[in-house]
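Keep in mind that what you see is a predicted model, and the values were worked out from it rather than measured.
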Amino acid sequence: MASFKVGSKSEVFHLSGHTWLCSTGLKPDVMIQVQDQTFHLHKFPLLSRSGYLETLFSKASESTCVAQLHDIPGGPDTFLLVAKFCYGARIEITTENVVSLRCAAEYLQMSETYGDANLISLTESYLNDNVFTNWDDSIKALESCEHKLIPLAEELHIVTRCIASLANKASYAEDTITSWNGIQTKSTSSNWWLSDVSSSLDISMYKRFIKTIESRGVKADTLAASVTHYAKRNLPLLGSSRHCGSSSSEEGTNHGNDGSYYSDEDQRSLLEEIVELLPSQKCVTSTRFLLRLLRTSMVLHASEVIQENLERKIGVQLDEAALEDLLIPNMGNSAETLYDIDSVQRILDHFMLTFNSSSSCYLAEVDSHPLRPITKVASLIDGYLAEVASDENLKLSKFQALGALVPEDVRPMGDGIYRAIDIYIKAHPWLTKSEREQLCLLMNCQKLSLEACTHAAQNERLPLRVIVQVLFIEQMRLRTSIAGWFFDTDSNNDDTSGKCHTQEGDNGNANMVLNGTMKERVYELEKECTSMKQDLDKLVKTKEGRSFFSKLFGLRSKTKTSPGDEDGLRKE
């Protein structure tokens with residue numbers, strides 16, 4: 001950081017209490033009050049450099065003049081430097097004081113009309129040669145633009161020029177190319193500026209900076225990275241929102257990294273500004289960060305427009321979400337459920353709208369592409385339903401509505417939704433038979449794995465109709481498997497009979513091994529089939545089972561499976 005020294009005279013000012021006195025040997029004839037400090041000075045040095053003071057004192061009498069400059073930019077400290085400059089005393093122009101000096105010089109009309117190398121030209125040269133050409137100095141100059149300097153600094157375009165300088169360097173950094181062994185590669189430190197702007201610029205300055213670099217063609221993912229970094233740096237509650245529950249008044253949650261205190265109103269206003277700065281492009285902002293913003297917006301009771309904006313952004317990229325981030329605590333004043341089911345349902349609605357409008361071919365390809373966004377979302381929602389199902393206050397209609405939003409065809413497996421349904425029924429034992437049957441319509445029993453089918457067949461909480469359906473599907477699978485294996489055996493035997501006589505010995509040994517293996521498989525299948533028949537017998541023995549099977553199969557209430565039937569099944 002370079003500085004510029006002006007003047008050659010030694011120190012001629014000294015402070016006595018709140019009064020500055022000039023030790024030149026001449027009696028002061030001007031008294032200027034700046035806030036709580038008073039300056040006893042002389043007319044000639046001041047009027048020879050300042051058009052404002054010349055006009056102010058031109059009509060004054062020969063006696064001591066009194067003026068009040070309470071609104072001079074920079075206050076007493078800056079006016080002291082101006083007074084020293086007018087007397088020719090040594091002062092040092094630095095990055096920290098150049099903005100206030102430039103504004104004060106403009107306020108006092110210290111142009112070249114009132115002497116060569118006046119304060120306006122000196123400070124303007126320093127800004128152009130030292131501040132606007134250097135990243136750190138531009139940052140410090142912006143920091144020095146306190147609120148009382150902003151109007152005049154804006155008129156002089158100091159703020160605009162500082163932001164333009166920073167934007168030029170940030171946009172240039174993105175395109176920086178480095179060379180390694182003759183190979184041109186992009187610099188890995190192209191986002192070195194993120195921390196500086198996050199820790200130094202307030203939200204008004206930062207918004208202008210982001211808009212400027214966006215107009216210079218900086219990529220959306222870079223903009224998103226900057227906004228994310230700024231939010232994490234300046235929103236204290238964002239870091240603790242995962243654990244803070246519904247109250248934002250917990251100890252420490254409103255203190256930033258710099259130790260400053262931020263009220264809920266300050267954080268709410270800042271969060272809303274940050275959300276507006278997020279790029280509109282899909283997947284440039286991480287879904288986890290968006291969900292954290294949504295959670296924080298609920299804690300701070302941000303406007304509905306902001307929450308809807310976040311839910312829409314999350315919805316279009318819901319397939320990138322993690323289950324733990326989707327478990328948003330319910331922040332409503334009349335919260336019934338532990339988690340905010342309504343918000344997740346709205347997010348899923350946005351995703352399904354995007355899916356239905358742009359992915360008409362997904363359903364035909366879902367089996368061959370298990371990691372399609374829609375299948376990932378289906379698994380995510382099944383897991384979410386399983387997490388929230390144990391909440392006793394979760395109404396059946398909400399559970400069903402959320403589960404029904406995901407088309408049954410896009411679920412590659414039915415185990416996830418079955419697990420969620422089973423947990424819900426266990427946590428809500430007061431459900432009627434009709435309600436349980438209605439709930440089970442969410443799952444396709446044909447997509448249950450063998451393990452899930454085994455569990456469902458022995459699950460007393462499930463409606464009898466569903467258990468029978470599971471057993472029937474498993475029996476059909478067994479028949480299909482047995483038929484397929486016997487078909488393979490017959491094909492192998494046909495191939496063996498067509499071989500030459502010299503190979504009959506080897507083929508015979510192979511067939512013996514094959515037949516032995518097939519016998520073992522068939523035996524295992526017969527055991528499973530017998531077990532299933534026994535499960536059916538147990539169900540038939542119950543009153544509900546007898547009534548159900550009488551209607552379904554036309555059987556008498558006391559009909560049981562005969563041993564001959566079991567033998568017949570084995571012969572099939």
Side-chain angles (χ1 to χ4, degrees), residues 203 220 223-250 253-254 262 264-354 373 376-377 380-381 383-385 387-388 391 394 398 401-402 405:
I203 187 60
L223 296 175
S226 178
V227 175
T228 301
H229 198 284
Y230 189 89
K232 292 179 178 179
R233 173 63 177 75
N234 295 282
L235 267 176
L237 197 57
L238 183 66
S240 58
S241 60
R242 182 184 300 273
H243 311 288
C244 68
S246 60
S247 174
S248 59
S249 60
E250 291 191 9
T253 57
N254 284 10
Y262 297 83
D264 286 356
E265 184 177 354
D266 293 336
Q267 291 194 75
R268 179 166 55 251
S269 176
L270 179 58
L271 181 139
E272 292 177 353
E273 298 276 12
I274 287 172
V275 172
E276 293 297 331
L277 289 176
L278 290 172
S280 58
Q281 291 87 338
K282 177 182 177 181
C283 291
V284 294
T285 308
S286 75
T287 309
R288 163 167 282 189
F289 173 69
L290 291 174
L291 283 164
R292 289 178 62 188
L293 274 181
L294 178 60
R295 186 192 302 254
T296 306
S297 71
M298 293 176 177
V299 175
L300 295 173
H301 302 291
S303 66
E304 292 183 3
V305 175
I306 293 299
Q307 294 188 31
E308 290 173 1
N309 189 356
L310 287 170
E311 288 173 351
R312 182 171 59 255
K313 289 179 180 294
I314 296 168
V316 298
Q317 56 190 63
L318 182 58
D319 54 296
E320 301 295 331
L323 176 58
E324 61 175 353
D325 298 317
L326 207 60
L327 296 171
I328 304 172
N330 201 332
M331 304 296 175
N333 294 328
S334 58
E336 295 181 355
T337 57
L338 179 61
Y339 297 107
D340 197 329
I341 312 295
D342 294 333
S343 178
V344 174
Q345 185 169 343
R346 290 192 295 268
I347 291 171
L348 184 56
D349 281 331
H350 288 302
F351 176 83
M352 294 309 301
L353 285 175
T354 305
K376 293 170 67 177
V377 168
L380 176 66
I381 295 302
Y384 179 82
L385 288 172
E387 289 292 331
V388 303
D391 187 351
L394 178 57
K398 282 193 175 184
L402 186 58
L405 280 177

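Considering CG of L277 and OH of Y230, their distance stands at 9.0 Å, rounded to 0.5 Å. One distance of note links CG of L294 with CG of L326; it measures 9.5 Å at 0.5 Å rounding. Taken from CG in D319 to OG1 in T287, the straight-line distance is 7.0 Å, to the nearest 0.5 Å. Distance check, rounded to the nearest 0.5 Å: CG of L271 to CD of Q307 gives 9.5 Å. Note that CG of L270 and CG of L235 are 4.5 Å apart. Values are rounded to the nearest 0.5 Å. Atom CG of D340 and atom CG of L327 lie 11.5 Å apart (nearest 0.5 Å).
Shown here are the side-chain contact (heavy atoms from CB on, under 4.5 Å) partners of S303, two or more places apart in sequence or in another chain: E272, V305, I306. Partners of T228 according to the side-chain contact (heavy atoms from CB on, under 4.5 Å) rule, which considers only residues two or more places apart in sequence or in another chain, are K232, T285, F289.
With R292 contributing its side chain and L238 its backbone, the two residues share a donor-acceptor pair below 3.5 Å. For the pair K313 (side chain) and P279 (backbone), a donor-acceptor distance under 3.5 Å is present. When atom types are taken as modelled, the side chain of Q345 and the backbone of A401 share no donor-acceptor pair closer than 3.5 angstrom.
Donor-acceptor pairing under 3.5 Å is lacking for the side chains of T337 and D391.
Residue L380 comes nearest to A322 through the heavy atom pair CD1-C, 4.1 Å, listed as atom of the first residue, atom of the second, then distance. Residue S343 comes nearest to M298 through the heavy atom pair OG-CE, 3.4 Å, listed as atom of the first residue, atom of the second, then distance. Among all heavy-atom pairs drawn from H350 and E311, the shortest one is CD2-O, 3.7 Å.
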Step-by-step side-chain contact (heavy atoms from CB on, under 4.5 Å) determination, L237 to L300: CA-CA 9 Å; L237 197 57; L300 295 173; 3.4 Å; yes
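We find that R295 and D325 are not joined by a salt bridge, their nearest charged nitrogen and carboxylate oxygen being 4.0 Å or further apart.
Counting heavy atoms from C-beta outward, I203 and N234 have side chains that stay 4.5 Å or more apart.
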